[in-house]
Asks: 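Handing you this structure, nothing more for now.
Whatever order the structure lists ligands and atoms in, that order sets their numbers, starting from 1. Residue numbers count from 1 along this sequence.
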Amino acid sequence: MADSSCDDIAIIGAGIAGTYAAWRLRKQNKQITIYEFSNRVGGRMYTLHFPGIPDINIELGAMRYRPEEHKLLNDTILQLGLPIIDFPLGDGIHRDTRRYVRGVHLREDELGMDRLKTPFNLSAEEFKPVDELRWEMFRNNTDVLTTTVPDAIKQLHVKTRDGVAMYKQSIQSVKHKSISIEAQNYIEQTSPFRATETVTSASMNVMTSPPSTSSKRVSKTVATGMNSIPIALLREFLLTSSRHCLKLNNHLKAITKNGDDSYELYFETTETKKGRTRIQRFSCMTFTT
Ligand SMILES: Cc1cc2nc3c(=O)[nH]c(=O)nc-3n(C[C@H](O)[C@H](O)[C@H](O)COP(=O)(O)OP(=O)(O)OC[C@H]3O[C@@H](n4cnc5c(N)ncnc54)[C@H](O)[C@@H]3O)c2cc1C
């Protein structure tokens, strides 16, 4: 089935990227349509609320950002007038974070500090908070302190004492060369947020400076939930022109280029049930040029 409408610009996906693009282009006097696979806006910015508790955001995707690093995002949130608040859990692991490790419940600031509560049989030299142990591992077993290249590229240049560059070995290999098996277990089993700790290139994990003791960097979030950002972008986009449009439950299947440099986009309709979106078995292919 052919859709007779003809877009000047088709944006695929109503996540933050798609809605931001639409928002930026909104005043260009073009017919712009956003096509979204699912039945909602936001993609991996997805905020839910428990019934009756609207003030607690349950972030299933993005939950926080750092204004000094994510300048464009911060500027956009300010322009949209969304309420920004601190996100205290966003900077590493908070001291009050509860852990359950090796059958023991303990607080973050007890780990590597309280001998009786820390369920790892570490030597006196290796018994310390995880980040301090990691830093000592790099400081004592690599040339991180004497490598003089700029910090931004240091991770690629640092070598272990045997002369092997970090990017040529896994982080497991570095740990194996440097610390006891129990200390390796300690780092891996207490680093749930560091998915890269076990299987990746060592260069991704090198610490180039000691762990920070002060929490000077405060992450931020949007009080109304992170998916308020794409929703607000979309609202302003749609309000700017009656020619702008959002089409949910449309899956871009294919694109072809015509001889006149226009494009045909082929969509399948999708269906969302209980939060899961699937392509309809007998869906129509529509196109827009
Ligand atoms: C658990 C988790 C935690 C995160 N935490 C943070 C965080 O704290 N801070 C942070 O900054 N970032 C975080 N991120 C990353 C952040 O959420 C993503 O980088 C960002 O949301 C990606 O936006 P996007 O628009 O590029 O893609 P998406 O959000 O994935 O949007 C893409 C959209 O395109 C649609 N789509 C895809 N293919 C098609 C097609 N063929 N046809 C039609 N539609 C299509 C999808 O359905 C989707 O809605 C996190 C991500 C996850 C998953």
Asks: Can we say Arg278 and Glu271 salt-bridge, meaning some charged N sits less than 4.0 Å from an Asp/Glu carboxylate O?
Replies: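 No.
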
Asks: Less than 3.5 Å apart, which donor and acceptor atoms pair up between the side chains of residues 237-246 and the rest of the protein, not counting sequence neighbours?
Replies:
{"unit_1": "Thr240", "atom_1": "OG1", "unit_2": "Glu236", "atom_2": "O", "d": "2.6"}
{"unit_1": "Ser241", "atom_1": "OG", "unit_2": "Arg243", "atom_2": "N", "d": "3.0"}
{"unit_1": "His244", "atom_1": "ND1", "unit_2": "Phe237", "atom_2": "O", "d": "2.9"}
{"unit_1": "His244", "atom_1": "NE2", "unit_2": "Lys30", "atom_2": "O", "d": "3.3"}

Asks: So, Thr277 and Thr272: side-chain donor and acceptor under 3.5 Å apart, yes or no?
Replies: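 The criterion, which ignores hydrogens and geometry beyond distance, is satisfied for Thr272 and Thr277.
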
Asks: Ligand 1: which residues have a non-hydrogen atom closer than 4.0 Å?
Replies: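 Only Ile12, Gly13, Gly15, Ile16, Ala17, Tyr35, Glu36, Phe37, Gly42, Gly43, Arg44, Met45, Leu60, Gly61, Ala62, Met63, Arg64, Asn250, His251, Leu252 have heavy atoms that fall under 4.0 Å of ligand 1, ordered by chain and number.
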
Asks: Rest of the hydrophobic cluster containing Leu233 (Ile/Leu/Val/Met/Phe/Trp/Tyr, side-chain heavy atoms under 4.5 Å)?
Replies: Ile16, Tyr20, Trp23, Met45, Tyr65, Leu72, Leu73, Ile77, Leu78, Leu80, Leu82, Ile84, Val222, Met226, Ile229

Asks: Please enumerate all residues that pass side-chain contact (heavy atoms from CB on, under 4.5 Å) together with Ser123, with sequence neighbours excluded.
Replies: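 If we apply the side-chain contact (heavy atoms from CB on, under 4.5 Å) test to Ser123, skipping adjacent residues, the hits are Glu125, Glu126.
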
Asks: I'd like to know if Glu136 pairs up with Lys128 as an ion pair, taking the criterion as any Lys NZ or Arg NE/NH1/NH2 lying under 4.0 Å from an Asp or Glu carboxylate oxygen.
Replies: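 Yes.
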
